[in-house]
Amino acid sequence: MSKHGFTTTILHADRRLNVEHGAVHKPIHTSSQYGYSDARELAAVFQGKAGFSYARQGTPTTDALEKKITGMEGGIASISFATGMAALSALFTTLLRAGDHLISSQFIFGNTNSLFGTLQLLGIEVTLVDPTDLAAVSAAIRPGTRMIFTETIANPGTQVADLEGLGEICRTHGLVYVVDNTVTSPCLFLPRAVGATLVMNSLSKHIGGHAHALGGSLTDTGLFDWSSYPNILDIYKKGAPASWGLTQIKKKGLRDMGATLSADAAHRIAVGAETLALRMDKICSNAMALATFLDGHPGVARVSYPGLAAHPQHALARRLFAGRYSMLLGVELADGIDCFDFLNKLEVVVLATHVGDTRTLALPAAHTIYYEMGPELRAQMGIADSLIRVSVGIEDEADLIGDFDRALRECGAAQKPDGAEVK
Ligand SMILES: *Cc1c(COP(=O)(O)O)cnc(C)c1O
C-alpha cells in the first residue's frame, strides 16, 4: 500500500503511472487488440507475461482501476468484471466443481441467492447458514466443504456477519473465505484484516458511487495458499501459489466467460472512487440521522440499522467498522400505513432499486427484489411484506428527514414528540 492515505492514494494513482502529456486520468483505451513489433513478445504475453493482447482480458484502463482497488483493499491483485454478479459467477464456477460444498450466509443479495440455485443444478452443494451463529457455521462443515461466503452488512435486514469468527473457522479448516464487501466498501472495512481470501466488490455501488456505470471486482488478499486447494488446474500452477486462484478465475472466468468491464465504465468508476471516502462520511452521517429519526417514530414499527444501540450486532459492527454503519436501512411501517402509499408520497427519495448511489433510494423489498424468492424463503431471510429498503445518499440531511417526516404525516402517522428518547 502507498505511504499516503486512502483518498490521496486514489487521487494520484494514475499520474504516478506516467500517463502521457501529464494527464491526471488514465485514458479510456478503446482498442480491441494490442500489437507488438516482436512476435516473441506477443507470445510471452500469451504465456503469462504482464501485458495486453485482446481487450476481453483487460485494457490499460481496467488495469489502472484494478490497481486502485488492490490498493484500497490491501490485496495483491484484482480482476474487474462487467458487473458484480459477473465477478461472483466467475468466482464460484471456476473455483468449485460438481460435488464440492459451499457454505453461505443466508442473508445475501437476492441475485446471489438465485445464482446459488444455478450452482446446485451444476452439482455444487450449497448450505445457507446464519453468519452470526458460529456454531451453526461450524456444524455445516463437511469433507467436501471448500468455501465460506458472506456479505458484511446484509441487505436489507442489516444483519452483521461475525466476520472475524468466520475467518477463524476458515483458517482452522483450510477453507477459502470470500467476503462480499459491497455494502461496507474498503472505506469502512478491509476483509483482509479478518483473514478473507478473496474480496468481491460491486463497483456499481459505493466505489463508482453515482449510478452511472456497472462493474464488479475480485481482489486476492494474498493470505491463502492455493497450493493446498484441490481445484487449481495444473496449467495455472505457475509462480507464487498465492496468485494461482486469481489466475484461474481470470483465465476460466473472465477470458472464457467474457463478462469484461468496458474501458468507459472503468473510467467512470475510477473517477467515482476519488470521492468514495467523502461520500461515505456523508452517507454514514445521513443514515445515522435518518435511523435515529425513524427509530421510535409512531408511524414506524421497526428500523434495522447497525448504528442503533438496539441492533443485535451493534457492538460488533461498531468495532468492525470503526463506528460507521453505511447506507442501508430496513424500515417496517406501523400497522395501518400502506408501504406503497407511503413510498408514493416521498419527493426527494427516488423509488428505485440499486444501493450506494449519491441519491437516496427506496423500494418495497418483498414486492420487488425479493418477489421471485417466494414467501417461505423471504420469511427465512427475515423480509416482512411491509419492509422498505432504503439506501441513503448524500442529500442535505434536513431535506432527507423532512421528506420522510412529511410522507409519514400525510399517511396519518402521529408526529414523533420533540426530544423523544431514542430506544
Ligand atoms: C449489487 C450487489 C451485487 C451485484 O452487483 P452488480 O454490480 O449489480 O451485478 C452483489 N452483492 C451485493 C451485496 C450487492 O449489493
Side-chain angles (χ1 to χ4, degrees), residues 62 65-66 69 73 78-93 102 104-119 128 131 149-161 163 178-189 191 196 198-219 253-254 257-262 264-266 268-269 272-273 276 280 283 287 304 306 321 325-330 352-357 361-363 365 368-370 372-373 381 383 389-393:
T62 57
L65 175 65
E66 288 163 0
I69 296 164
E73 287 288 358
S78 302
I79 319 174
S80 59
F81 294 85
T83 64
M85 288 317 301
L88 287 176
S89 51
L91 153 74
F92 293 125
T93 53
L102 165 69
S104 168
S105 163
Q106 73 196 52
F107 307 122
I108 48 171
F109 185 61
N111 299 158
T112 306
N113 194 77
S114 174
L115 171 63
F116 288 161
T118 306
L119 295 184
L128 300 180
F149 172 79
T150 190
E151 296 177 8
T152 53
I153 302 175
N155 164 12
T158 75
Q159 297 90 348
V160 180
L163 294 156
V178 182
V179 176
D180 179 337
N181 200 23
T182 300
V183 171
T184 29
S185 91
C187 186
L188 297 190
F189 179 62
L198 293 166
V199 185
M200 179 271 182
N201 279 289
S202 167
L203 306 175
S204 325
K205 311 294 171 54
H206 285 306
I207 293 180
H210 297 73
H212 70 340
L214 300 183
S217 66
L218 296 175
T219 300
L254 181 66
M257 295 177 190
T260 307
L261 181 65
S262 73
D264 176 68
R268 290 168 193 245
I269 291 164
L276 173 60
M280 267 305 202
I283 283 173
S304 304
F321 314 134
Y325 308 93
S326 205
M327 77 303 202
L328 284 181
L329 266 71
T353 189
H354 194 51
V355 296
D357 187 9
L361 317 172
L363 52 62
T368 54
I369 47 175
Y370 291 98
E372 196 179 303
M373 193 174 277
M381 288 184 69
I383 296 162
R389 182 191 69 192
V390 183
S391 172
V392 175

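Position 1 is the first residue of the sequence, and the numbers go up from there. All values below come from the heavy atoms of this structure, side chains included, with hydrogens, waters and symmetry mates left out. Remember, it's 1-based here, ligands and their atoms both numbered in the order they're listed.
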Just by distance, do the side chain of [X] and the backbone of [Y] share a donor-acceptor pair under 3.5 Å?
{"X": "T182", "Y": "S202", "answer": "yes"}
{"X": "S304", "Y": "T158", "answer": "no"}
{"X": "H206", "Y": "N201", "answer": "no"}
{"X": "N181", "Y": "F189", "answer": "yes"}

For [atom], closest protein heavy-atom neighbour:
{"atom": "atom 2 (C) of ligand 1", "result": "K205 NZ, 2.5 Å"}
{"atom": "atom 4 (C) of ligand 1", "result": "F109 CE2, 3.5 Å"}
{"atom": "atom 11 (N) of ligand 1", "result": "D180 OD2, 2.7 Å"}
{"atom": "atom 5 (O) of ligand 1", "result": "S202 OG, 3.0 Å"}
{"atom": "atom 9 (O) of ligand 1", "result": "M85 N, 2.8 Å"}
{"atom": "atom 6 (P) of ligand 1", "result": "G84 N, 3.3 Å"}

Query raised in the report: Does G215 reach ligand 1, in the sense of a heavy atom lying below 4.0 Å from it?
Result: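 Checking ligand 1 against G215, which is what was asked, there is a heavy-atom contact under 4.0 Å.
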
Rounded to the nearest 0.5 Å, how far apart are [atom1] of [X] and [atom2] of [Y]?
{"X": "I79", "Y": "T62", "atom1": "CD1", "atom2": "OG1", "answer": "10.5 Å"}
{"X": "T83", "Y": "L88", "atom1": "OG1", "atom2": "CG", "answer": "8.5 Å"}
{"X": "D180", "Y": "I108", "atom1": "CG", "atom2": "CD1", "answer": "9.0 Å"}

Requested in this report: Mark up the atoms of ligand 1 that fall under 4.0 Å of a heavy atom belonging to E151, in ascending order.
Outcome: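 With E151 as reference, the close atoms of ligand 1 come out as 13 (C).
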
Query raised in the report: Which atoms of ligand 1 are found less than 4.0 Å from any heavy atom of S204?
Result: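 Checking each atom against S204, I get 6 (P), 7 (O).
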
